[in-house]
Amino acid sequence: MPNEDIRPSVGLRPVINVSGTMTSLGASIVVPQAIAAMGSILPQFVEINDLQRKASTVIARLTGGEAGFVTASCSAGISLAVAAAITGNDLAAIERLPDVRGDKNEVIVQMGHVVSYGAPVDQAVRLAGGKVVLIGQATSTYRHHLEGAITEKTAAALYVVSHHVVGYGMLSLNEFCEIAHAKGVPVIVDAASEYDLRIFLEQGADLVLYSGHKFLGGPTSGIVAGRKDMVRNTFLENLGIGRGMKVGKESIFGVMAALEAWETRDHDGIRERESGYLHLWRDRFDGRPGVKAVIEPDPTNNPLDRLRLTIDAREAHITAWDLADALARGTPPIIVRDHEVEHNYFYLDPCNLHPGEEVIVAARIGEELDKAQASNEIIATSLEDRSRRRFDGLLRWPD
């Protein structure tokens, strides 16, 4: 942690993030190598396309792809990749988007993969002029769904890897690629929050899109990697809709540094440290009245675990969502991973903690649980009202 915390001086709450690599909280702690790289290039002028060529070499080495480039975000990468599947290298078609001539603009997505990462994943397709074709049902997709959806209008098929997607009943990436490629359809993979930079191309994807700022710890950015011709066509979209998604020299150079730091990072040491945090929390809370603490693996097989805190409101005297909200309101604010809180649990993710914050998290949760235990009544506000208020702050912005 830096010696001086700048947040209070500009009126920002000094939040502690146990939610994970969430964009709404700033995604991740940027690694020192990326900070140094950005600072070194900011005063200098460069030819951006040449810098992107240098980035392509680094991206190709780390991902196993033939080429790559840096864009504004993984969401931008989806739109650019879809646009490229529609236009190819036709510069006039690139300038016309999102207007499309001809019918080949359909993008196939499994229904169980249409999630929100802060915005709907299908909107990223539509922004590029793509028409989303949903296959299967919310909890099941079979070969015949994909085979039957591919027509002469199909431009691409999009596969989403995320903890938000339905975790069962979907086509595997291997099978998805096999079916799509048999009919000449390229496969684009959204792997924004994934740790393994090589596996998706190895399993058959043509383009893979990564976040440059989540697990990698680079600046806010997205990484496009894969087949050389598709990367080139996707990069050409910067002459069209990609102009509004442009990335600066500092982000390109920062991502290059973050990727190179990834090669030498002590992944085992980091996992050991995070495991220590998880065991501290589990030992502190499991067995308290109404509390069950279990360490669980990441649902998309990233090499990390989280602590699930399940709350029985009758014994703990507080609901899981009221506990999460109390932590977020307190001093210091603790932001937990509460996207499934209606099931009476939330997660503590250790991957973005500064040393010593794990103790603060344990103390704050203990304080709130003690306070609830001392209450004669169960603290149980309406979950429906909580959901209704979710966007109140945004709708009032700026105050």
Side-chain angles (χ1 to χ4, degrees), residues 1-3 5 14-23 25-36 61-64 161-163 167 191-200 202 210-219 223 254-255 257-288 291-310 327 332 334-339 345-366:
M1 184 184 291
N3 293 329
D5 188 343
V15 300
I16 294 177
N17 173 17
V18 283
S19 183
T21 56
M22 300 301 175
T23 299
L25 295 174
S28 67
I29 300 166
V30 177
V31 297
Q33 296 92 330
I35 294 172
R61 186 175 77 246
L62 268 290
T63 64
V161 183
S162 168
H163 65 277
S193 296
E194 299 311 298
Y195 212 89
D196 193 324
L197 299 179
R198 306 181 75 90
I199 190 170
F200 306 109
E202 290 172 353
Y210 292 101
S211 168
H213 60 277
K214 292 192 173 181
F215 285 125
L216 282 172
I223 296 169
V255 167
L259 283 166
E260 290 173 336
W262 186 256
E263 289 183 291
T264 59
R265 183 180 294 189
D266 181 9
H267 296 275
D268 291 338
I270 290 170
R271 186 167 172 81
E272 183 178 355
R273 184 183 73 230
E274 292 175 354
S275 180
Y277 299 164
L278 292 168
H279 284 87
L280 166 70
W281 295 333
R282 186 190 63 185
D283 295 345
R284 185 75 60 91
F285 301 121
D286 194 40
R288 287 191 59 138
V291 179
K292 183 178 181 180
V294 179
I295 297 172
E296 292 187 354
D298 179 75
T300 61
N301 298 317
N302 287 313
L304 58 97
D305 300 321
R306 299 181 182 90
L307 187 79
R308 183 167 81 171
L309 275 183
T310 302
L327 291 167
I334 309 291
I335 311 299
V336 302
R337 192 179 186 92
D338 66 348
H339 59 281
Y345 60 78
F346 57 76
Y347 287 94
L348 303 180
D349 187 318
C351 74
N352 268 316
L353 288 178
H354 293 289
E357 288 184 334
E358 75 283 1
V359 178
I360 299 172
V361 170
R364 285 280 296 111
I365 293 175

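Just so you know, these numbers come straight off a predicted model, no measurement behind them. Heavy atoms only: backbone and side chains are in, while hydrogens, waters and symmetry mates are out.
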Main chain of [Y], side chain of [X]: is a donor-acceptor contact present, judged purely on distance under 3.5 Å?
| X | Y | answer |
| --- | --- | --- |
| N17 | G20 | yes |
| N352 | S19 | no |
| E272 | I270 | no |
| S211 | S193 | no |
| R282 | L307 | no |

Can you tell me how far the CD atom of E202 sits from the CG atom of D196, to the nearest 0.5 Å?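 The CG atom of D196 is 7.0 Å from CD of E202, to the nearest 0.5 Å.
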Enter the distance from M22:CE to D349:CG here, rounded to the nearest 0.5 Å.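 Atom-to-atom, M22:CE and D349:CG are 7.5 Å apart.
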Minimum heavy-atom distance [X]-[Y], with the two atoms named:
| X | Y | result |
| --- | --- | --- |
| S28 | G217 | OG-CA, 3.6 Å |
| R198 | Y210 | N-OH, 3.9 Å |
| P350 | Y277 | CB-CD1, 3.9 Å |
| P332 | P14 | CB-O, 3.9 Å |

Stepwise side chain to side chain contact (heavy atoms under 4.5 Å, CB included) test for L327 and F346: CA-CA 12 Å; L327 291 167; F346 57 76; 4.2 Å; yes
Counting C-beta onward and ignoring hydrogens, is there a side-chain heavy-atom pair between [X] and [Y] closer than 4.5 Å?
| X | Y | answer |
| --- | --- | --- |
| W281 | V18 | yes |
| P219 | V255 | yes |
| I16 | V361 | yes |
| L197 | L216 | yes |
| D286 | K292 | yes |
| R271 | P303 | yes |

Given side chain to side chain contact (heavy atoms under 4.5 Å, CB included), test L348 with I365 step by step and report yes or no. CA-CA 11 Å; L348 303 180; I365 293 175; 3.7 Å; yes
What verdict does the side chain to side chain contact (heavy atoms under 4.5 Å, CB included) test give for L353 and E274, after you've listed the backbone C-alpha separation in whole Å, the side-chain angles of each residue and the deciding distance to 0.1 Å? CA-CA 9 Å; L353 288 178; E274 292 175 354; over 6 Å; no
Any chance you could lay out the side chain to side chain contact (heavy atoms under 4.5 Å, CB included) test for H213 and T23, step after step, and finish with the verdict? CA-CA 9 Å; H213 60 277; T23 299; 4.0 Å; yes
Can I get a per-line list of side-chain donor-acceptor pairs under 3.5 Å for residues 257-264, giving both atom names and the distance, sequence neighbours left out?
unit_1: E263; atom_1: OE1; unit_2: R61; atom_2: NH2; d: 2.8
unit_1: E263; atom_1: OE2; unit_2: R61; atom_2: NE; d: 3.2
unit_1: T264; atom_1: OG1; unit_2: A261; atom_2: O; d: 3.3

Y347 and side chain to side chain donor-acceptor pair (under 3.5 Å): which single residue from E296, H339, R337, R306 fits?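 Result for side chain to side chain donor-acceptor pair (under 3.5 Å) with Y347: E296.
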For F215, all residues meeting ring-ring contact (aromatic ring centres under 6.0 Å, His included), sequence neighbours excluded: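 With neighbours one apart ignored, the set is Y195.
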